[in-house]
Asker: 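Below you'll find the structure I mean.
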Amino acid sequence: RTNNFIAKINVLNNLAIVEIARTNYEKALQYLHEAQDANQLILYQRGNALTLGNIGTVYYFLGEFSNSLEYLKQAMLLLRHIHDKGFLSKILVVIGKVFQSTGQISEGIAFFNEVLPVIQELKYTSSEITIIQWMGLLYGDDGDSQRALQLFEQAIPGLEKINDLNQRA
């Protein structure tokens, strides 16, 4: 019975992701609230974190940043508790983007600084480069052009490495 609920939670989250991609946020929220109800029945922490993160992401796209942070921070705490570094890295990125979107540059930088070692540990090379570039943009927005330049220069070897791997494939 529990496996059926887990499957249902996963399917509902996947349906929500499709609706997010289609910018049908209300339908996505319907799926996610249904998944949340199922999570509560079986106390499935990873599913709950996934659902909370997806709800936070919907609110980010809707521009409802305080709601977004509320859900994303709940997801972050659960993911830390269950030691899911892969999904935690994604949540930290979205939190950083929320702070960037609200002009809270130093808070955004703090979350990107937190996610960078996780991404490096997991060897997500292209994600690492993206984070470094976003951090460069944030430092530039904050007036620290020297640090921004350092970060952009730091991204170049990684981009060249990815380009070399793509040419071999």
Asker: Do you know the tightest heavy-atom contact between Tyr139 and Asn113?
Answerer: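 Distance-wise, the nearest heavy atoms are OH-ND2, 3.8 Å.
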Asker: Can you check side-chain contact (heavy atoms from CB on, under 4.5 Å) on Ile91 and Ile95, steps first, answer last?
Answerer: CA-CA 6 Å; Ile91 293 298; Ile95 292 173; 3.9 Å; yes
Asker: Does any non-hydrogen side-chain atom of Leu88 lie less than 4.5 Å from one of Leu92?
Answerer: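 Answer yes - side chains close enough.
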Asker: Is there a path of hydrophobic side-chain contacts, each under 4.5 Å between heavy atoms of I, L, V, M, F, W or Y residues, that connects Leu32 with Ile17?
Answerer: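 No, Leu32 does not connect to Ile17 through the hydrophobic network.
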Asker: Scan the side chains in residues 52-73 for donor-acceptor partners under 3.5 Å anywhere in the protein, sequence neighbours excluded, and list what turns up.
Answerer:
residue	atom	partner	partner atom	Å
Asn54	ND2	Asn13	OD1	2.7
Asn54	ND2	Leu50	O	3.4
Thr57	OG1	Gly53	O	2.9
Glu64	OE1	Asn67	ND2	2.9
Ser68	OG	Gly56	O	2.7

Asker: Rounded at 0.5 Å granularity, tell me how far OG1 in Thr51 sits from OH in Tyr44.
Answerer: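 The OG1 atom of Thr51 sits 9.0 Å away from the OH atom of Tyr44.
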Asker: Is Phe87 reachable from Ile82 through a run of hydrophobic residues whose side-chain heavy atoms are each under 4.5 Å from the next?
Answerer: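 The answer is yes; both residues are in one hydrophobic cluster.
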Asker: Sequence neighbours left out, what passes side chain to side chain donor-acceptor pair (under 3.5 Å) with Asn24? Give chain and number order.
Answerer: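 Testing Asn24 for side chain to side chain donor-acceptor pair (under 3.5 Å), a comparison that skips the adjacent residues, returns Glu19.
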Asker: Less than 4.5 Å apart, any side-chain heavy atom of Gln146 and any of Gln150?
Answerer: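 Sidechains of Gln150 and Gln146: in contact.
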Asker: Can you list the residues that meet the side chain to side chain contact (heavy atoms under 4.5 Å, CB included) rule with Leu137, with sequence neighbours excluded?
Answerer: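 Applying side chain to side chain contact (heavy atoms under 4.5 Å, CB included) to Leu137 gives Trp134, Phe152.
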Asker: With side-chain contact (heavy atoms from CB on, under 4.5 Å) as the criterion, how do Asp84 and Arg46 come out once you've worked through the C-alpha distance, each side chain's angles and the decisive distance to 0.1 Å?
Answerer: CA-CA 8 Å; Asp84 186 330; Arg46 186 174 193 287; 2.7 Å; yes
Asker: Please give me the minimum heavy-atom distance between Ala148 and Gly140, naming the atom from each residue.
Answerer: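 Here Ala148 and Gly140 meet closest at CB-N, 3.7 Å.
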Asker: Which donor-acceptor pairs under 3.5 Å do side chains of residues 103-111 form with protein atoms, sequence neighbours excluded?
Answerer:
residue	atom	partner	partner atom	Å
Gln104	NE2	Thr102	OG1	2.8

Asker: If you measure from CG on Leu79 to NZ on Lys90, what distance do you get to the nearest 0.5 Å?
Answerer: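 The CG atom of Leu79 sits 10.5 Å away from the NZ atom of Lys90.
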Asker: Is Leu15 isolated, or which residues cluster with it under the ILVMFWY side-chain rule of less than 4.5 Å, directly or via members?
Answerer: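 Members alongside Leu15: Val11, Leu12, Tyr31.
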Asker: Of all residues at least two apart in sequence or in a different chain, which pass the salt bridge (charged side-chain N to carboxylate O under 4.0 Å, His left out) check with Arg147?
Answerer: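 Salt bridge (charged side-chain N to carboxylate O under 4.0 Å, His left out) check on Arg147 returns nothing, list empty.
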Asker: Using 0.5 Å steps for rounding, measure from the CD1 atom of Ile131 to the CG atom of Leu151.
Answerer: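 Here the rounded value is 11.5 Å.
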Asker: Nearest 0.5 Å please: distance from the CD1 atom of Ile9 over to the CZ atom of Phe5.
Answerer: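 That separation rounds to 8.0 Å.
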Asker: Partners of Lys8 by side chain to side chain donor-acceptor pair (under 3.5 Å), sequence neighbours excluded?
Answerer: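 Per chain and number, Lys8 pairs via side chain to side chain donor-acceptor pair (under 3.5 Å) with no residue.
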Asker: Give every residue pair that meets the salt bridge (Lys or Arg N to Asp or Glu O under 4.0 Å) criterion with at least one member in residues 132-145, sequence neighbours excluded.
Answerer: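 Found none.
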